[in-house]
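Contents: one structure, followed by commentary.
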2 protein chains.
Amino acid sequence: MKTKITLKDIARELEVSISTVSKALKNSEEISRDTKEKVQAFAKLYNYKPNNIAISLKNKRTKNIGVVIPDIVHHFFTTVIRGIEKYANARGYNVIVCLSEESFDKEVINMEMLANGSIDGFIMSLSSETQQKGDYNHLKEVTEQGIPVVLFDRITNEIDCDKVVIDDELGGYIATKKFIEQGKRKIAMITTGDYLSVSKARTMGYQKALSESSLGVNDDLVLKMPSMEMDENRIKEFLETQKPDAVLCVNEIFAVYSMRLVQKSGLKIPDDISFIGFTDGVLSKYANPSLTVVAQHGEKMGEVSAKMLIDKIESEEEEETYQTKILEPTLVIRESINQ
Amino acid sequence: MKTKITLKDIARELEVSISTVSKALKNSEEISRDTKEKVQAFAKLYNYKPNNIAISLKNKRTKNIGVVIPDIVHHFFTTVIRGIEKYANARGYNVIVCLSEESFDKEVINMEMLANGSIDGFIMSLSSETQQKGDYNHLKEVTEQGIPVVLFDRITNEIDCDKVVIDDELGGYIATKKFIEQGKRKIAMITTGDYLSVSKARTMGYQKALSESSLGVNDDLVLKMPSMEMDENRIKEFLETQKPDAVLCVNEIFAVYSMRLVQKSGLKIPDDISFIGFTDGVLSKYANPSLTVVAQHGEKMGEVSAKMLIDKIESEEEEETYQTKILEPTLVIRESINQ
DNA sequence: ATCTGCCACGAAAACGGTTTCGTGTTGATA
DNA sequence: TATCAACACGAAACCGTTTTCGTGGCAGAT
């Protein structure tokens with residue numbers, strides 16, 4: 001086992017001082033040509049690489065960014081991470097991923113672990129429990145310490161920081177509008193409770209489109225599922241009593257699941273009933289029929305978040321100005337609606 | 001912005017030495033009751049938290065583990081990460097995720113970035129390019145430096161380290177066996193080229209089961225796709241000329257895609273033709289019909305990998321003994337085969 | 001011969017902790 | 001009263017860098 005070589009080792013071996021070695025490796029003007037060549041050759045030979053930890057301690061920056069998300073087994077978050085990773089890597093940053101698993105406590109613990117020097121900034125999406133509680137003290141603590149934070153997708157107005165969101169209301173709006181334009185008369189929505197900020201916004205967009213049309217809003221056509229657990233009977237009963245000719249689902253799973261239910265009862269998609277979901281994941285792409293969705297462009301979101309964060313980390317001035325970037329969702333048309 | 005407080009700050013404020021503060025906070029016997037209480041109270045009041053970087057530098061351990069995987073937008077890897085995260089977090093470790101995106105160069109760069117002190121060990125799955133090249137020098141370098149490595153799923157025999165794999169051959173075997181028991185006569189397989197170690201193993205299991213049966217192996221019944229890009233015509237042609245009554249697919253996507261193709265041509269699943277895939281992801285669960293799969297237990301794999309790695313990191317002795325854990329795949333029966 | 005200035009390098013502090021070892025004070029003991 | 005152990009604490013080294021500042025030696029100018 002050949003152990004890592006340090007500046008001190010090189011200095012001892014070459015009978016020069018540590019500072020000389022350090023400067024020589026940085027091609028400092030201060031050091032003579034001869035010495036530089038000697039040191040650099042030796043360093044290359046023994047494959048010297050500076051110790052990141054020592055540099056971090058010295059510079060007070062780690063080149064790590066912390067990403068705290070509720071769940072990783074979820075296509076959307078996964079694409080966001082990829083976007084963050086790509087961008088951050090290109091700028092020389094590593095990504096430390098922590099999962100809150102929708103738990104407030106885990107979110108707090110993870111942030112505290114990372115906030116003690118391990119990272120230069122956070123990119124995060126709030127856990128549902130945090131959003132329900134409305135307790136953002138862990139975020140306040142971190143921002144007060146001067147650690148930059150970028151919130152994405154599941155955000156809060158209680159914290160002053162950069163934010164990146166999809167215009168979820170617009171998403172609900174354009175999807176519903178699409179149905180209306182296609183002449184659908186009973187447009188239903190299957191969503192979660194309002195505790196998820198995104199669900200709420202999507203539902204608002206849905207209602208806005210309807211109220212702008214001659215159809216008007218009918219609350220009976222909105223099914224609010226109490227959790228993400230699939231409750232077959234609940235959905236089945238809803239669809240059978242309401243008999244919608246179009247359904248907007250707040251996520252892929254509700255959509256694919258509902259499509260199966262109506263198919264089993266003999267309805268044809270998209271003619272008898274059309275579907276649009278949210279999140280452009282594998283499920284939508286390979287569903288039968290493939291599902292039209294409101295795409296959230298997770299990868300883009302990750303990139304934008306990473307850019308905002310790193311720019312802030314590397315900016316000298318301590319500007320106290322924060323911006324919120326709003327990305328526009330787009331419809332990805334597939335077989336589950338009429339073309 | 002209240003900046004982080006350090007030992008030095010506390011020492012100055014309380015007019016004691018830094019060492020006293022350090023010891024007092026660790027409840028050292030050496031320090032008097034009075035002083036300890038005073039220091040601890042002060043520390044709590046100002047919310048003192050030791051700087052991780054400084055501790056890392058001193059202890060030469062970071063409590064970070066590096067995870068290098070080919071792709072994160074992939075259900076299997078995602079579940080593995082979750083398993084790693086859960087286990088590692090419980091033992092006080094953070095997880096730094098790097099994506100090779102199936103590229104040899106990125107894999108090398110990522111490992112080099114992390115190997116210079118940022119992590120205590122690696123958990124990784126090789127990129128396809130690395131497996132094709134057969135160049136494992138970056139892994140050798142790391143292990144020679146004494147950094148523990150755990151390889152999972154996509155592994156190589158060229159490197160001495162701990163490994164965790166699914167018995168992919170067994171997976172192919174039990175799936176094929178299942179078809180045989182159900183009286184299927186023309187059992188096809190859709191796989192990728194042999195460049196992916198897992199595909200190769202699965203195909204071998206398939207062939208083994210067939211050669212043990214009266215059916216025997218027929219190479220015409222094996223379709224090797226040159227890449228993961230879906231080539232509709234290729235699959236369609238294959239299915240139409242071979243007319244199998246059962247198909248084993250090396251992943252979910254091939255399976256779901258193929259199912260759609262045969263459904264469009266009027267065949268009934270599972271009676272006319274049955275399907276089994278690999279990877280128990282969302283796609284299988286919500287496919288129509290839902291897909292029977294060989295489950296790989298990614299989360300378990302992540303846990304096991306993390307345990308092996310952390311045990312090695314924390315073990316005093318420099319044992320040079322490595323083990324390979326083989327997890328058994330299981331069949332998750334769903335609608336795509338006869339019950 | 002003396003002074004000036006530059007070159008090339010080294011010493012040392014600093015980042016924020018941990019830990020070993022030394023030491024002044026105290027009270028008990030001979 | 002002299003000795004000594006125990007106690008409570010501080011000094012300093014150390015982890016591996018970076019960076020500021022100082023300095024010895026030498027060449028050229030006077």
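A note on names: the letters A, B, ... follow the listed sequences, proteins ahead of strands, and every chain is numbered from 1. Any value given below was found using the heavy atoms of this structure, including those in side chains, with hydrogens, waters and symmetry copies removed.
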In plain terms, say whether [X] and [Y] are close enough for a salt bridge, that is, a side-chain N and a carboxylate O under 4.0 Å apart.
| X | Y | value |
| --- | --- | --- |
| B/Arg91 | B/Asp311 | yes |
| B/Glu299 | B/Lys86 | yes |
| B/Asp120 | B/Lys63 | no |
| A/Lys307 | A/Glu303 | no |
| A/Glu13 | A/Lys8 | no |
| A/Asp71 | B/Arg82 | yes |

- Would you kindly compare A/Ser19 and A/Asn59 by the position of their nearest DNA chain C nucleotide and give the one closer to the 5′ end?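 Nearest nucleotide further toward 5': that of A/Ser19.
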
Are any of [X]'s side-chain N or O atoms less than 4.0 Å away from OP1 or OP2 of [N]?
| X | N | value |
| --- | --- | --- |
| B/Lys8 | C/dC15 | yes |
| A/Tyr48 | D/dG16 | no |
| A/Thr20 | C/dC9 | no |
| B/Ser22 | C/dT19 | no |

Listed nucleotide nearest any side-chain atom of [X], set [options]:
| X | options | result |
| --- | --- | --- |
| B/Thr35 | C/dG10, D/dC9, C/dG17 | D/dC9 |
| A/Thr6 | C/dG16, C/dG17, D/dT17 | D/dT17 |
| A/Glu30 | D/dT17, C/dA11, C/dA8 | C/dA8 |
| A/Lys23 | C/dT18, D/dT17, C/dA11 | C/dA11 |

Write down the distance between [atom1] ([X]) and [atom2] ([N]), rounded to a whole number of angstrom.
| X | N | atom1 | atom2 | value |
| --- | --- | --- | --- | --- |
| B/Leu57 | C/dT18 | CG | P | 12 Å |
| A/Ile55 | D/dT19 | CD1 | C1' | 13 Å |
| A/Arg33 | C/dC7 | CZ | P | 16 Å |
| B/Lys26 | D/dC9 | NZ | C1' | 17 Å |
| B/Asp34 | D/dC7 | CG | C1' | 13 Å |
| B/Ile18 | C/dG16 | CD1 | P | 10 Å |
| B/Leu14 | D/dA8 | CG | P | 17 Å |
| A/Glu29 | C/dC9 | CD | P | 13 Å |

- Which comes earlier along DNA chain D counting from the 5' end, the contact point of A/Leu7 or that of B/Ser32, where each point is its nearest nucleotide?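 Taking each residue's closest nucleotide, the earlier one in sequence belongs to B/Ser32.
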
- Is the number of heavy atoms from other residues, nucleotides or ligands within 6.0 Å of NZ (B/Lys4) greater than 12?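 Result for NZ/B/Lys4: enclosed.
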
- Message: Could you spell out the base pairing of DNA chain D as a dot-bracket line? Use Watson-Crick and G-U wobble contacts where both distances are under 3.5 Å, [ ] for crossing pairs, | for partners on a different strand.
- Response: ||||||||||||||||||||||||||||||

- Considering only heavy atoms and no angle criterion, is a donor-acceptor pair shorter than 3.5 Å present between the side chain of A/Lys58 and the base of D/dT18?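 A donor-acceptor contact between them is present.
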
- Looking only at non-hydrogen atoms, find the nearest pair between A/Met301 and A/Leu327 and report the distance.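 Closest pair (atom of A/Met301, atom of A/Leu327, distance): CA-CD1, 3.7 Å.
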
